[in-house]
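Beneath this line is the structure, given in structure tokens, with notes to follow.
Each chain gets a letter, A, B and so on, in the order its sequence line appears, and its residues count up from 1. Given the structure is predicted, the values throughout are model-derived calculations rather than measurements.
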4 protein chains.
Amino acid sequence: MVRGRPRDTGVEARVLEAAMAEMRAGGYDGLSVDRVADRAGVAKTTLYRRWPSKAELVVAMITGLRAAVPFEPSGDPRRDLTELVTGIATTLSAVPTTLIADLAAAAAREPRVGESVRALWAERHAAVTAVIGQAQADGLVPGHASPAVLVDQLVGPLYYRLLVTGEPIDSAYVRELVHSTLGPDPEKS
Amino acid sequence: MVRGRPRDTGVEARVLEAAMAEMRAGGYDGLSVDRVADRAGVAKTTLYRRWPSKAELVVAMITGLRAAVPFEPSGDPRRDLTELVTGIATTLSAVPTTLIADLAAAAAREPRVGESVRALWAERHAAVTAVIGQAQADGLVPGHASPAVLVDQLVGPLYYRLLVTGEPIDSAYVRELVHSTLGPDPEKS
Amino acid sequence: MVRGRPRDTGVEARVLEAAMAEMRAGGYDGLSVDRVADRAGVAKTTLYRRWPSKAELVVAMITGLRAAVPFEPSGDPRRDLTELVTGIATTLSAVPTTLIADLAAAAAREPRVGESVRALWAERHAAVTAVIGQAQADGLVPGHASPAVLVDQLVGPLYYRLLVTGEPIDSAYVRELVHSTLGPDPEKS
Amino acid sequence: MVRGRPRDTGVEARVLEAAMAEMRAGGYDGLSVDRVADRAGVAKTTLYRRWPSKAELVVAMITGLRAAVPFEPSGDPRRDLTELVTGIATTLSAVPTTLIADLAAAAAREPRVGESVRALWAERHAAVTAVIGQAQADGLVPGHASPAVLVDQLVGPLYYRLLVTGEPIDSAYVRELVHSTLGPDPEKS
DNA sequence: AGCTAATCGAGACGGTACGTCGCGTCTTTCG
DNA sequence: CGAAAGACGCGACGTACCGTCTCGATTAGCT
């Protein structure tokens with residue numbers, strides 16, 4: 001069917017792994033295509049055949065990070081949101097801050113990187129939005145704010161602390177965020 | 001007092017202005033030190049004597065953007081917060097997004113840069129915190145959330161949209177943020 | 001056999017030619033690597049891939065000057081030595097003095113350069129030595145001096161005038177040298 | 001009489017000494033005016049007030065090297081020439097070869113350096129010329145060669161070996177040179 | 001079995017920018 | 001007025017990186 005020599009299936013994994021290591025070490029700018037190829041034991045030609053630019057390579061690497069996060073809504077928005085936001089916070093804390101920052105910078109520069117980064121979070125953000133929407137429909141959340149804004153106010157502070165203020169993000173903070181958004185827990189009074 | 005030839009005071013202003021122009025035109029990567037020096041009518045050595053690297057130059061440029069923002073609390077938290085958050089949003093929008101993102105990346109890598117960036121916003125964030133605190137004391141804001149969290153929820157979403165989702169930040173959005181934080185305006189019902 | 005892309009054979013010639021032109025115009029210091037690359041229509045990186053420094057480039061250029069000099073001994077040592085020494089003097093005069101001097105300086109610093117410079121003259125000096133030896137065997141040269149010393153006394157003064165005294169080297173001077181070494185021409189008395 | 005602060009008399013010596021040390025270490029190109037000034041504990045301005053360029057500084061340094069060499073002609077040209085040429089050879093061997101070579105290179109580039117180098121040797125070369133002339137007048141040297149050429153043939157080979165062939169210069173070689181120039185010693189037969 | 005087509009490794013190449021070094025000039029303050 | 005200190009302009013050097021290119025060697029499917 002396909003004529004010539006088939007592509008080496010191991011190349012992709014080795015290159016993306018090498019790229020990840022380079023990115024961890026030196027961020028986006030510190031990632032050198034030459035070094036990635038070298039570290040992966042692959043010719044630069046081979047690399048460029050698959051990803052037409054450094055940005056696209058990083059995009060692919062990021063996309064590969066997307067892990068399927070199992071989430072089953074329990075119906076209790078307070079519990080569900082806490083679980084979801086905690087998951088996001090945990091993921092953000094698992095990688096070096098510089099990586100997140102460099103990714104944001106690359107996203108600002110390269111539209112394609114931006115898309116891939118957004119796609120990375122899409123699933124989780126959609127889940128958050130869904131929970132918020134359902135809670136509002138059930139009257140459990142004050143209705144004077146749009147769901148989109150509430151999502152931003154739940155997730156945005158995580159990035160804000162990470163990239164701007166540098167203040168710590170712990171489970172207490174996540175609870176405070178949810179608490180502030182949903183209002184006081186009626187069952188606890 | 002100081003022995004040698006004093007530094008040409010005009011250099012700094014000319015260089016930073018040139019750097020700003022270059023940054024606006026082509027982002028961080030598009031900013032060439034040679035071109036900046038050329039445009040500022042300054043030798044590259046002179047430039048490097050003051051800022052030891054391109055990154056430091058950009059940091060200095062950003063720091064120079066800190067404008068004293070006159071703010072007089074009116075006593076009405078709704079109006080004051082809208083004004084303050086609008087000011088922050090305006091400033092963020094006035095410079096290229098890449099600049100903000102690159103700044104965040106540099107801040108993550110270099111503690112010194114992080115400090116300078118935080119110092120950049122310190123004044124405004126203090127003002128927001130003060131207004132929130134006063135409003136809570138006056139009973140105009142629901143008291144179930146700490147002021148620090150509320151500040152994060154007011155300002156964080158701006159960065160979040162800018163650096164992550166890429167969604168637009170307009171005056172309507174700012175109003176929604178304030179609205180969501182303070183609750184429905186009682187005077188409007 | 002050789003794996004990668006083969007080197008562009010035209011590069012070397014074009015660069016060395018450009019370097020020669022620059023050297024003629026402004027001497028060693030006046031030779032700018034950037035300008036050479038530009039004039040040769042070659043990227044500076046390409047140039048540095050072959051010659052790791054400006055000095056090595058100049059050395060290569062000099063080495064390239066070695067021209068096969070046809071020499072057929074006539075049997076008359078007076079005529080042969082005059083021809084050979086004139087040839088050396090002509091070559092020395094054809095290039096800027098600074099080039100010769102810089103070469104000697106480089107040779108003193110870098111053994112490898114020294115070798116290449118000596119190799120440059122090897123052929124001609126061997127010819128001079130051969131002629132002197134033959135003449136001595138034939139009794140045409142006073143035998144109280146070793147051939148090696150006579151060669152030094154024939155060729156050394158050329159360098160001496162060029163590099164030290166700065167006095168001119170013309171055909172009359174060459175004749176005087178040969179005359180002084182061989183003694184008066186018996187046929188002319 | 002003279003207004004203002006008098007010149008610091010120690011400056012000159014300290015600078016020339018520092019320049020000599022730099023020149024020994026790295027040759028003419030390796031000598032940096034900034035470093036010389038620093039090492040001498042002198043401001044660059046002060047240095048440039050005295051010597052208008054790096055070349056002139058080196059000239060002054062070389063001139064300072066000229067040592068008065070006592071020489072009393074004995075009347076025996078063979079002995080006198082041996083003594084003189086040995087003295088030159090000794091001086092040449094006392095300093096690093098690179099220094100001699102760099103000096104020659106600088107002389108070729110900078111006319112003023114050339115003059116100073118020639119002046120350095122003037123005294124000794126004049127002595128050699130005088131002895132040769134006297135010997136010729138006394139009929140002790142074959143008269144078919146001009147004194148100037150004979151001088152070149154006595155001194156030139158020293159530079160030739162030093163800068164070109166790299167062959168050693170010892171007392172035996174000096175004797176051979178004199179021997180070759182004056183012819184066989186009649187007293188020894 | 002031979003031809004054809006695609007892949008891979010290796011490295012040359014152009015272009016652009018970076019940061020450093022050196023020279024010689026200048027502008028100050030201090031003695 | 002000399003000296004110290006250091007800023008400044010200019011120009012060159014050598015390095016790093018990106019993305020393109022040109023090779024030879026390999027590995028398949030197709031005729």
Under 4.0 Å, counting only non-hydrogen atoms across every strand here, what does [X] touch: a base, just sugar-phosphate, or nothing?
X       : answer
C/Gly30 : nothing
C/Leu47 : nothing
A/Leu57 : nothing
A/Val42 : sugar-phosphate
B/Lys44 : base
A/Gly10 : nothing

Quick one: [X] [atom1] to [N] [atom2], roughly how many Å, whole number?
X       : N      : atom1 : atom2 : value
D/Asp34 : E/dC26 : CG    : C1'   : 15 Å
A/Arg14 : E/dG9  : CZ    : C1'   : 12 Å
A/Glu12 : E/dC8  : CD    : P     : 11 Å
C/Trp51 : E/dC13 : CH2   : C1'   : 13 Å
B/Glu56 : E/dC18 : CD    : C1'   : 15 Å
C/Asp38 : E/dG14 : CG    : P     : 12 Å
B/Asp8  : F/dC8  : CG    : P     : 6 Å
B/Tyr48 : F/dG6  : OH    : P     : 23 Å

Using side chain to side chain contact (heavy atoms under 4.5 Å, CB included), reason through A/Arg7 and A/Arg50 one step at a time and then give a plain yes or no. CA-CA 10 Å; A/Arg7 291 195 171 181; A/Arg50 289 177 163 78; 3.4 Å; yes
Requested in this report: Decide yes or no on salt bridge (Lys or Arg N to Asp or Glu O under 4.0 Å) for B/Glu17 and B/Arg14, but give the supporting numbers first.
Outcome: CA-CA 5 Å; B/Glu17 190 178 0; B/Arg14 291 208 310 277; over 6 Å; no
If only atom types and distance count, is the side chain of B/Thr63 paired as donor or acceptor with the main-chain N or O of B/Val59 below 3.5 Å?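 The answer is yes, because a donor-acceptor pair under 3.5 Å joins these two groups.
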**Item:** Main-chain N/O of D/Gly30 paired to D/Arg35 side chain as donor or acceptor, under 3.5 Å
**Value:** yes
**OP:** List the steps and the verdict of salt bridge (Lys or Arg N to Asp or Glu O under 4.0 Å) for C/Lys44 and C/Asp38.
**Re:** CA-CA 8 Å; C/Lys44 208 168 41 152; C/Asp38 200 54; over 6 Å; no
Within the structure, does a side-chain N or O atom of [X] lie under 4.0 Å from either OP1 or OP2 of [N]?
X       : N      : value
C/Ser32 : F/dG11 : no
A/Arg7  : E/dT7  : yes
D/Thr45 : E/dC26 : no
A/Thr46 : E/dG9  : yes
B/Arg35 : E/dT16 : no
B/Arg49 : F/dC8  : yes

Review point. In terms of the nearest nucleotide of DNA chain F, which residue is placed more toward the 5' end: C/Pro6 or B/Arg50?
Key: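 Nearest nucleotide further toward 5': that of B/Arg50.
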Nearest-nucleotide check on DNA chain F, A/Lys54 vs C/Val33; residue mapping nearer the 5' end is C/Val33
Face-on cation placement of A/Lys54 at A/Tyr48 ring, 6.0 Å and 45° thresholds |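 That pair does not qualify as a cation-pi contact.
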What I want to check is whether an N or O donor and acceptor connect the side chain of C/Arg3 with the base of F/dC23 at under 3.5 Å.
no
Presence of donor-acceptor pair under 3.5 Å, side chain of B/Arg5 and base of E/dT27: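 Check fails, no donor-acceptor contact within cut-off.
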Assign each of D/Asp29 and D/Pro52 the nucleotide of DNA chain E bearing its closest heavy atom; nearer the 5' end lies the nucleotide of D/Asp29
